[in-house]
Colleague: 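Before I ask anything, here is the structure I am working with.
Atoms within a ligand are numbered from 1 in the order they appear, just like the ligands themselves. One is the number of the first residue; the rest follow in order along the sequence. Fair warning: this is a prediction, and the values are worked out from it, not measured in the lab.
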Amino acid sequence: MQSGAVPVLGEPGEAEFELPAATSADVFPSDFTWGASTSAYQVEGAAAADGRLPSIWDTFSHTPGAILNGDNGDVACDHYHRWREDVALLAQLGTGAYRFSVSWPRILPNGTGPVNAKGLDWYERLVDGLLECGIQPWLTLYHWDLPQPLEDAGGWPNRATADAFVRFAEVVASRLGDRIHTWMTLNEPWCSAFLGYQLGMHAPGRRDDALALRAAHTLLLAHGRATQALRGIVTGARVGIVLNPTPVQPATPTEADAAAARRADGYFNRWFLDPLFGRGYPADMLEAVAPLFTPPSDSDLRSIGTHIDVLGINYYRPTVVRAKPGAYLGFEEAPPDAEPVTAMDWVVRPEGLRELLVRINHDYPVPPMAITENGAAYTDAAPTDGQLHDPERIRYLAGHVDAVAQAISAGVPVTGYFVWSFLDNFEWAWGYGSRFGLVHVDYATQQRTIKDSGRWYQRLIAQQTA
Ligand code: IFM
């Protein structure tokens with residue numbers, strides 16, 4: 001932790017820098033991990049550098065009309081070239097851990113076949129740089145950038161993609177396993193499967209219910225088998241998966257909306273949590289998707305249910321649904337109600353995080369959990385004189401840190417919290433307009449400016465680790 005070495009920014013007593021009440025009440029243990037997250041395609045840029053070939057996101061983001069304003073990740077935050085400056089910023093913030101993902105097409109440009117040594121060398125430099133600053137690397141293997149040749153061969157609906165993923169995991173673990181303790185296999189497989197293959201909003205932009213269900217299954221299988229492979233290579237590895245579960249509420253107290261909420265909970269949450277914790281796919285959901293999905297073998301389910309050491313939870317907002325006869329699973333998301341919303345129209349509801357953690361801990365035999373992403377996009381003004389005031393983001397983060405504290409006080413094992421995001425970055429279909437960072441990025445000059453929220457987070461970490 002570097003906070004002793006740098007001045008803590010933000011003056012005590014300034015209202016906008018106030019820390020959540022819970023943080024002064026000794027709720028967070030001294031070994032609690034305070035971190036920040038990014039992912040490869042969203043920050044690295046350098047899309048064609050050192051042997052990297054296109055992923056599905058390179059293809060998708062260059063498809064006319066797919067991304068707001070025609071943005072793409074070719075340059076992004078140029079983290080690939082500016083990583084030293086970025087590690088120094090993480091150290092300045094005092095983060096104890098940095099969660100990043102490895103770009104599969106940098107390591108295995110064709111998805112399978114020859115390993116690209118230059119890609120591995122880059123991650124080794126990044127990891128060593130983090131460790132030199134006392135920052136623990138939390139590595140995510142897959143944050144959505146499937147090598148395009150694997151998509152051309154059928155993508156995630158194709159079982160062979162699970163084999164390719166296991167090899168990718170083995171290659172990365174063989175090189176970095178001596179330095180990295182915490183390994184996450186997948187980030188938000190719901191998004192990869194359903195935003196990517198059912199709703200067409202994310203790469204590869206397909207719209208097919210059956211393909212999406214098969215993709216979800218291959219992703220879970222890939223996770224289970226890679227978890228076993230990682231354990232065989234990395235002694236003492238802590239291995240887990242990152243999900244984006246959401247508390248689902250019915251729009252009205254009618255029976256129809258309550259039933260819709262139950263199905264939506266199956267779609268967003270139980271379809272992933274049940275098999276991961278050894279229960280197989282939920283019976284009500286199997287029945288609902290029966291014509292589209294053949295129940296898998298016991299052997300697949302055993303692989304998916306492989307024990308995990310940590311469960312990553314990404315939380316941004318709750319989901320309100322209402323019945324919609326004829327729609328897939330008979331529900332649709334209701335528009336945000338009167339509560340405050342972020343610039344992306346996402347309802348701000350910190351209690352949703354507490355409820356979610358309590359519920360998951362109650363319903364499943366969970367290992368320790370970490371909040372691997374939490375944050376908000378607001379329309380930040382450009383920095384002036386090296387400052388950027390973002391009080392709404394501070395309020396959002398403070399409310400959610402409080403919610404985590406309440407969950408811990410209620411007995412839920414939460415051992416870490418990571419802000420999404422360390423840097424403003426490429427927000428997928430929303431392009432660069434949606435800024436989540438603790439650190440502002442001027443994309444024209446690549447100038448970084450710590451926002452007030454970054455200064456606030458620095459104070460919080462300094463207080464918690466003093
Ligand atoms: O930017 C994304 C991230 O890649 C995955 N989780 C949600 C974030 C905000 O949309």
Side-chain angles (χ1 to χ4, degrees), residues 35-45 55-58 60-61 66-68 71-73 76-77 79 98-104 138-146 184-196 199 201-203 219 240-247 268-269 272 311-319 333 336 341-349 352-353 356 369-380 390 392-393 396-397 400 416-441 443 453:
S37 296
T38 64
S39 86
Y41 189 71
Q42 293 179 273
V43 297
E44 283 179 6
S55 75
I56 53 175
W57 268 98
D58 296 87
F60 190 65
S61 64
I67 312 291
L68 209 61
D71 291 341
N72 62 60
C77 309
H79 184 57
Y98 176 46
R99 175 175 173 254
F100 63 96
S101 77
V102 176
S103 162
W104 190 342
W138 282 42
L139 183 150
T140 302
L141 282 165
Y142 186 71
H143 199 126
W144 308 354
D145 42 3
L146 186 72
M184 295 298 193
T185 54
L186 308 177
N187 181 72
E188 302 180 359
W190 180 86
C191 295
S192 302
F194 292 104
L195 291 180
L199 301 171
M201 291 158 66
H202 277 191
L219 281 153
I241 186 170
V242 174
L243 301 181
N244 57 324
T246 175
F268 291 118
N269 303 324
F272 295 88
L311 176 63
I313 301 288
N314 293 353
Y315 174 82
Y316 293 87
R317 57 173 173 150
T319 304
E333 209 175 313
V341 293
T342 70
M344 290 165 77
D345 254 359
W346 292 3
V347 169
V348 178
R349 192 160 180 273
L353 178 54
L356 185 71
M369 292 188 268
I371 310 307
T372 32
E373 290 181 23
N374 176 238
Y378 288 106
T379 351
D380 300 326
D390 57 343
E392 288 171 302
R393 186 172 290 104
Y396 179 99
L397 295 174
H400 287 78
Y417 175 87
F418 290 69
V419 173
W420 184 271
S421 175
F422 164 44
L423 301 171
D424 288 340
N425 60 49
F426 176 73
E427 176 52 23
W428 308 114
W430 295 76
Y432 291 104
S434 297
R435 293 178 176 271
F436 277 88
L438 294 169
V439 174
H440 176 273
V441 176
Y443 295 111
S453 56

Colleague: Tell me the nearest of Tyr315, Tyr316, Phe426, Trp428 to atom 8 (C) of ligand 1, using heavy-atom distances.
Modeller: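 The residue whose heavy atom sits nearest atom 8 (C) of ligand 1 is Tyr316.
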Colleague: Output yes when the distance from some N or O of ligand 1 to some N or O of Trp420 is under 3.5 Å, and no in every other case.
Modeller: yes
Colleague: Using a strict cut-off of 4.0 Å, indicate which atoms of ligand 1 neighbour a heavy atom of His143.
Modeller: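 Those atoms are 3 (C), 4 (O), 5 (C).
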Colleague: Relative to atom 4 (O) of ligand 1, which among Gln42, Glu188, Glu373 owns the nearest non-hydrogen atom?
Modeller: Gln42
Colleague: Stepwise, does the side chain to side chain donor-acceptor pair (under 3.5 Å) test hold for Thr246 with Tyr316?
Modeller: CA-CA 8 Å; Thr246 175; Tyr316 293 87; over 6 Å; no
Colleague: Mark the output for Met344 as yes if a heavy-atom distance to ligand 1 is under 4.0 Å, and as no if none is.
Modeller: no
Colleague: Check the orientation of Trp104 and Tyr142. Use parallel for under 30°, tilted for 30 to 60°, and perpendicular for over 60°.
Modeller: perpendicular
Colleague: For Phe436, counting its heavy atoms only, list the atoms of ligand 1 lying under 4.0 Å from any of them.
Modeller: 9 (C)
Colleague: Number the atoms of ligand 1 from 1 as they appear, then name those within less than 4.0 Å of a heavy atom of Trp346, with their elements.
Modeller: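 Close to Trp346: 10 (O).
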Colleague: So is Asn314 polar-close to ligand 1, meaning N/O to N/O under 3.5 Å?
Modeller: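 Looking only at distances, the answer is no, because the N/O contact criterion of under 3.5 Å is not met.
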Colleague: Side chain to side chain donor-acceptor pair (under 3.5 Å) with Tyr315: which residues, sequence neighbours excluded?
Modeller: none
Colleague: Specify whether Phe426 and Trp57 have parallel, tilted or perpendicular ring planes, treating 30° as the upper limit for parallel and 60° as the lower limit for perpendicular.
Modeller: perpendicular
Colleague: How far is atom 9 (C) of ligand 1 from its nearest protein heavy atom, and which residue and atom name does that atom have?
Modeller: Glu427 OE2, 3.3 Å
Colleague: In Å, rounded to the nearest 0.5 Å, how long is the span from CG of Asn187 to CG of Leu141?
Modeller: 11.5 Å
Colleague: Could you grab the distance from atom CD of Glu427 to atom CG of Leu68, nearest 0.5 Å is fine?
Modeller: 11.0 Å
Colleague: Hey, is Asp390 close enough to Arg435 for a salt bridge, meaning N to O under 4.0 Å?
Modeller: no
Colleague: Is it the side chain, the backbone, both or neither of Trp430 that has a heavy atom closer than 4.0 Å to ligand 1?
Modeller: neither
